[in-house]
Amino acid sequence: MTSASPETDEHRYDFRVIEERWLPVWQETQPFRSGDAADERPTKYVLDMFPYPSGDLHMGHAEAYALGDVIARYWIQRGYNVLHPIGWDSFGLPAENAAIQRGLDPRGWTEDNIAQQRTSMERYACSFDWDRVLATHRPDYYRWNQWIFTRLHERGLAYRKHSNVNWCPKDLTVLANEQVVGGLCERCDTPVTKKKLNQWYFKVTDYADRLLDDLDTLADTWPSKVIAMQRNWIGRSTGADVVFAIEGREEPVHVYTTRPDTLHGATFMVVAADSDLAAELAEGAEASVQDEFSSYVEQVKAASEIDRLSTERPKTGVFLQRYAVNPVNGERLPIWASDYVLADYGHGAIMAVPAHDQRDLDFARAMSLPVRLVLDVRGEDGEPVEDPATSGVAAAGDGTLINSGDLDGLSKAEAIAAVVERLAGDGVGEASTNYRLRDWLISRQRYWGTPIPIVHCEACGEVPVPDDQLPVELPPAEGLDLKPKGTSPLGAATEWVNTTCPSCGGAATRDTDTMDTFVDSSWYFLRFLSPGKTDGPFDLDEAKRWAPIDQYVGGVTHAILHLLYARFFTKALHDMGMIDFEEPFSALLNQGMVQMDGSAMSKSRGNLVRLSEQLDEFGVDAVRLTMSFAGPPEDDIDWADVSPAGSAKFLARAWRLARDVDSSPGVDPATGDAALRAVTHRTLHDCADLVEGFRFNVVVARTMELVNATRKAIDSGAGPADPAVREAAEAVAVLLSLFAPYVAEDMWSMLGHENVARAGWPAVDESLLVEETVTCVVQVKGKVRDRLEVPPGIGEDELRELALAAPGVVRAMDGAAVRTVIVRAPRLVNIVTV
RNA sequence: GCCCUCGUAGCCCAAUUGGCAGAGGCAGCCGACUUAAAAUCGGCUCAGUGCGGGUUCGAGUCCCGCCGAGGGCACCA
């Protein structure tokens, strides 16, 4: 049946009209300012990961911000004082590349993009507090990067060292370990090589234990996947340091092993080919060996990271004609150099136990070195495993010690404890912990980043720029050649580079590297608390009031890099006494990605969906609703599988409810249609829990049900003047305010109110949630044979009697004897017959 | 190779966490309204939960083994 209202232009849903009606109002009233210090409502800090200002928004932004906004708007409706800021992560390579390729000024290019993106964001109508906008490329922001760098430097947490670093031969800049993905540059997919350079690091490894252990406190509120990835990345292992004397060398060599129980099975030692230790040991060898060694090292350095990572790769190495002495049995172990040992893990040297380690076994077999079993390892059949020397498979499992002197017969665990104790007693070893995590390499040889606030002085060395001389501003790009050439473009800014030493006043030069942009994003969430502050990075009282972040929303692509660094900064700032918490993000939601036809969208694939076109065709609300309705937020959305047109249709349907309501605001719904009221209140009640559990797709589905029920009441039930209909329509408007702000506002306005975003979550009347009767399913041997309408409070005994007497049951039992009756009042009875 | 997650109608997804397999949507079909179409409204069809075992009165849900998809890690001693 059709509604009686006329479908004139003014009475038809048109998203363009509605967007034009409300966007200017919101731009004028700025309804999401959150700075009022007198506001006594409880606080919630909801944060979306801030974007790189790419100019326009794309589908990925649209999903992330739609989902984050559901959470922010929900807490506003629940009566919280919600902080929901946005800004720009605006340093980085795209601006620099635009400058190089198109001769544009990175600063102007970036600011233009920000202006354009802001316009798109305002139309997208997220509940952002536009008074708190920040952009990391502006001196009033990066000044505090420099300030924090200086604090870290004072504490020894920022330092410079000469070492082999990951080098991208295309971008001609260094990369952090985290920016090397599968041996390729994360940014341009070029195979990464190594280069020896003097670079700045943050000492993340000092915090390795805390970064690992504190993950436990996030177990309930972070995706377990992210926690697993962080654990894995930190990679803590426990074992022992063992001291090996070296023949002809004063200093012994330490090795780290997780298997001290196999110490008697060590048959050689391997040092990392690219380590200083290898070079020094080689010096003592014959000339021919020295030649062989140096050409080997050349070869290793030339190999790309991707080659090195291949596990198929045969083991290579050079015998250095030197010997180590096994501290437990005095055996002479030949020392080899190889690239399968990493210079920067443990001590850059290992004891090789080929019988029980696959890598060592591969090497031993390649070099014809002895293999000695020291653990009796059994296979699944209970028989000893085949000799690794012939099978080529190391006996990696558990077992009982053999060939190990008086340790024979001990279990692996017992032997580990015994060996560690013995080594410690003899002063030749101790228990030890190691980490996969390395210090964070933060210096970059690029222009568009935060200058490192250090002055190099011949007399005084590295001198931090004093706080009162910060920021060290980037010199103008004009006149500088920004093309990557392996050293920072800032080096060419002669006037900028040449300065005076803050310490002695003599001639000195500025550090010309800039900081990794992950520095910028490691603390921006604190800057949002007081973005205009000029005498510190953030206001300590505001931090007490708002932080840590109650809900962080962003892509799983940042599961390791950004989150780990932000956690490190938070702990460091905590230790400086600036904040009283140690984890920045109390809860984390990772949204999935938006794909098209089964794969990630890209121009080259030709499957790019333009957000602007979707918005023009279906409207902001329909696109946002589609993002929420498509499925669980953490799942990827395939745009080919969803229907923004369907969303638009639903929104029109919801909108017409408000249009058709024919009663005045403020009427008491108590006299209205009871059945509809029950649906309304049940929906509101359930949706609160559903939103808090991030079940947005279900919330939308439940809202659709409420709309359907309300439509039915209007057309063929209580009628448009029934107060329960008004109540239901108002509930729909509030529910939709989380997903579709324009439609919600327009409905709210038609219903005679203002500002739906702050309408408040309607009070749920608990008495309406109680069902008068429930359907009880009666099963016989697990199969449904009858249904009973019973009061919800029915007793077990009564229900059992009713069930046994039900006609369908009697028929199904056919006179069989009852063995057991399972009663789960009031919903189910299961009768088990003999 | 190791670790994690996920397999429910043609499609996207629900299922009170061990209790009627279907809430919502897309697509499809039928009908009402219309001169007709669009829009709107009403209705309908469609799976026994990837496969095989097990536990249980009862399994989409728990356990074991396969198959398939996705993700993470991968010489870290």
Side-chain angles (χ1 to χ4, degrees), chain A residues 1-3 7 12-13 181-183 223-229 231-233 235-237 239 255-259 262 270 272 308-313 315 338-342 344-353 356-360 362-363 434-438 556 559-560 592 598 625-626 629-632 634-647 649-650 652-653 656 686 689 695 697-708 711-712 715-716 775-787 819-824 827-833:
Chain A
M1 211 176 292
T2 256
S3 147
E7 286 279 343
R12 183 175 292 151
Y13 169 74
V181 179
S224 49
K225 182 176 159 184
V226 174
I227 291 181
M229 287 165 76
R231 284 219 170 91
N232 199 298
W233 191 262
R236 181 163 67 193
S237 78
V255 306
Y256 172 72
T257 178
T258 54
R259 295 295 304 276
T262 62
V270 186
R308 215 182 62 75
L309 280 175
S310 167
T311 33
E312 304 301 309
R313 195 160 166 258
K315 294 280 185 286
S338 173
D339 65 350
Y340 87 90
V341 169
L342 306 176
D344 59 351
Y345 183 79
H347 303 282
I350 62 153
M351 66 179 214
V353 186
H356 301 288
D357 182 286
Q358 190 61 48
R359 299 153 300 185
D360 295 343
D362 293 343
F363 191 83
N434 259 288
Y435 305 88
R436 221 186 74 100
L437 181 72
R438 311 296 152 87
V556 72
I560 297 171
L625 188 79
T626 302
F629 186 50
E634 58 276 10
D635 287 5
D636 291 343
I637 298 173
D638 195 317
W639 204 248
D641 290 336
V642 295
S643 172
S647 298
K649 215 162 91 178
F650 163 70
R653 196 170 147 80
R656 287 194 299 269
D686 293 353
D689 292 340
R695 314 280 311 279
N697 53 327
V698 185
V699 176
V700 175
R702 295 296 300 274
T703 306
M704 288 172 169
E705 281 182 73
L706 178 57
V707 168
N708 291 345
R711 183 80 257 161
K712 195 167 267 182
D715 286 350
S716 56
T775 305
C776 176
V777 175
V778 188
Q779 301 175 334
V780 178
K781 292 175 98 170
K783 286 192 173 140
V784 181
R785 297 299 186 183
D786 213 331
R787 287 160 218 272
R819 193 171 70 185
T820 331
V821 181
I822 316 277
V823 182
R824 292 283 177 274
R827 295 272 176 200
L828 178 132
V829 177
N830 188 14
I831 298 160
V832 187
T833 55

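Throughout, protein chains are lettered first and strands after them, A, B, ... in sequence-line order, and every chain is numbered starting at 1. Atom set for the values below is all heavy atoms of this structure, side chains included, hydrogens, waters and symmetry mates excluded.
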Taking 4.0 Å as the cut-off, does a side-chain nitrogen or oxygen of [X] come that near to OP1 or OP2 on [N]?
{"X": "A/Asn708", "N": "B/G25", "answer": "yes"}
{"X": "A/Arg12", "N": "B/A38", "answer": "no"}
{"X": "A/Arg653", "N": "B/C41", "answer": "yes"}
{"X": "A/Arg231", "N": "B/C4", "answer": "no"}
{"X": "A/Arg656", "N": "B/C41", "answer": "yes"}
{"X": "A/Lys649", "N": "B/C26", "answer": "yes"}
{"X": "A/Asn697", "N": "B/A14", "answer": "yes"}
{"X": "A/Tyr345", "N": "B/A77", "answer": "yes"}
{"X": "A/Thr703", "N": "B/G24", "answer": "no"}

In whole Å, what separates the [atom1] atom of [N] from that of [M]?
{"N": "B/A23", "M": "B/C12", "atom1": "C1'", "answer": "14 Å"}
{"N": "B/A14", "M": "B/C3", "atom1": "C1'", "answer": "30 Å"}
{"N": "B/C46", "M": "B/C11", "atom1": "C1'", "answer": "12 Å"}
{"N": "B/G54", "M": "B/G60", "atom1": "P", "answer": "15 Å"}
{"N": "B/U56", "M": "B/G42", "atom1": "C1'", "answer": "44 Å"}
{"N": "B/C44", "M": "B/A59", "atom1": "P", "answer": "30 Å"}
{"N": "B/C6", "M": "B/G50", "atom1": "C1'", "answer": "11 Å"}
{"N": "B/C75", "M": "B/U61", "atom1": "C1'", "answer": "41 Å"}

For [X] and [N], what is the distance between atoms [atom1] and [atom2] respectively, to the nearest whole Å?
{"X": "A/Met704", "N": "B/C13", "atom1": "CE", "atom2": "P", "result": "15 Å"}
{"X": "A/Asp715", "N": "B/G43", "atom1": "CG", "atom2": "P", "result": "11 Å"}
{"X": "A/Glu705", "N": "B/G24", "atom1": "CD", "atom2": "P", "result": "5 Å"}
{"X": "A/Ile350", "N": "B/A77", "atom1": "CD1", "atom2": "P", "result": "11 Å"}
{"X": "A/Leu625", "N": "B/C12", "atom1": "CG", "atom2": "P", "result": "19 Å"}
{"X": "A/Asp641", "N": "B/C13", "atom1": "CG", "atom2": "P", "result": "7 Å"}
{"X": "A/Leu706", "N": "B/G25", "atom1": "CG", "atom2": "P", "result": "13 Å"}
{"X": "A/Ile822", "N": "B/U56", "atom1": "CD1", "atom2": "P", "result": "13 Å"}

[X] (side chain) donor-acceptor with [Y] (main chain) under 3.5 angstrom:
{"X": "A/Asp638", "Y": "A/Gly598", "answer": "yes"}
{"X": "A/Arg824", "Y": "A/Ile822", "answer": "no"}
{"X": "A/Asp360", "Y": "A/Val353", "answer": "yes"}

If you only use heavy atoms from C-beta on, which nucleotide in [options] is closest to the side chain of [X]?
{"X": "A/Ala701", "options": "B/C73, B/A77, B/G24", "answer": "B/G24"}
{"X": "A/Arg711", "options": "B/C75, B/C41, B/A14", "answer": "B/C41"}
{"X": "A/Phe629", "options": "B/C57, B/C13, B/G25", "answer": "B/G25"}
{"X": "A/Lys315", "options": "B/A77, B/G43, B/C75", "answer": "B/C75"}
{"X": "A/Trp233", "options": "B/C73, B/C13, B/G19", "answer": "B/C73"}
{"X": "A/Leu828", "options": "B/G19, B/G72, B/A77", "answer": "B/G19"}

Q.
In the structure I gave you, are the side-chain heavy atoms of A/Phe650 and A/Met704 within less than 4.5 Å of one another anywhere?
A. yes
Q: Report yes if some heavy atom in the side chain of A/Leu625 is under 4.5 Å from a heavy atom in the side chain of A/Val700; otherwise report no.
A: yes
(Q) Using 0.5 Å steps for rounding, measure from the CZ atom of A/Arg653 to the CG atom of A/Asn708. (A)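 Spacing of CZ (A/Arg653) from CG (A/Asn708) equals 4.5 Å.
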Q: Return yes if the base of B/G19 and the side-chain atoms of A/Arg827 contain a donor-acceptor N/O pair under 3.5 Å, otherwise no.
A: no
Q.
With nearest nucleotide decided by heavy atoms, which residue, A/Met229 or A/Arg259, maps closer to the 5′ end of RNA chain B?
A. A/Met229
**Q.** First encountered from the 5' end of RNA chain B, between A/Met351 and A/Asp635
**A.**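 Upstream on the strand: A/Asp635.
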Checking all strands, does [X] fall into the base, sugar-phosphate, or nothing category for heavy-atom contacts under 4.0 angstrom?
{"X": "A/Ala630", "value": "sugar-phosphate"}
{"X": "A/Gln779", "value": "base"}
{"X": "A/Thr820", "value": "nothing"}
{"X": "A/Ser237", "value": "sugar-phosphate"}
{"X": "A/Val832", "value": "sugar-phosphate"}

Q: Check the pair A/Thr626, A/Ser647 against side chain to side chain donor-acceptor pair (under 3.5 Å), reporting the backbone distance first and the verdict last.
A: CA-CA 6 Å; A/Thr626 302; A/Ser647 298; 2.7 Å; yes
If pairing requires Watson-Crick or G-U wobble contacts with both distances under 3.5 Å, which nucleotide is the partner of [N]?
{"N": "B/A36", "value": "none"}
{"N": "B/U5", "value": "B/A69"}
{"N": "B/C41", "value": "B/G31"}
{"N": "B/G10", "value": "B/C26"}
{"N": "B/C46", "value": "none"}
{"N": "B/G19", "value": "B/C57"}
{"N": "B/G52", "value": "B/C64"}

Q) Mind checking whether A/Phe363 and A/Tyr340 have parallel, tilted or perpendicular rings, split at 30° and 60°? A) tilted
Q: Mark yes when over 12 heavy atoms from residues, nucleotides or ligands other than A/Arg819 sit less than 6.0 Å from its CZ; otherwise mark no.
A: no
(Q) Less than 4.0 angstrom from a charged side-chain N to a carboxylate O is my criterion; do A/Asp344 and A/Arg438 meet it? (A) yes
Q) When syn is taken as a glycosidic angle within 90 degrees of 0, is B/G48 syn or anti? A) syn
(Q) Taking syn as a glycosidic torsion within 90° of 0 and anything else as anti, which one is B/U17? (A)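 Here B/U17 takes the syn form, which means its glycosidic angle is within 90° of 0.
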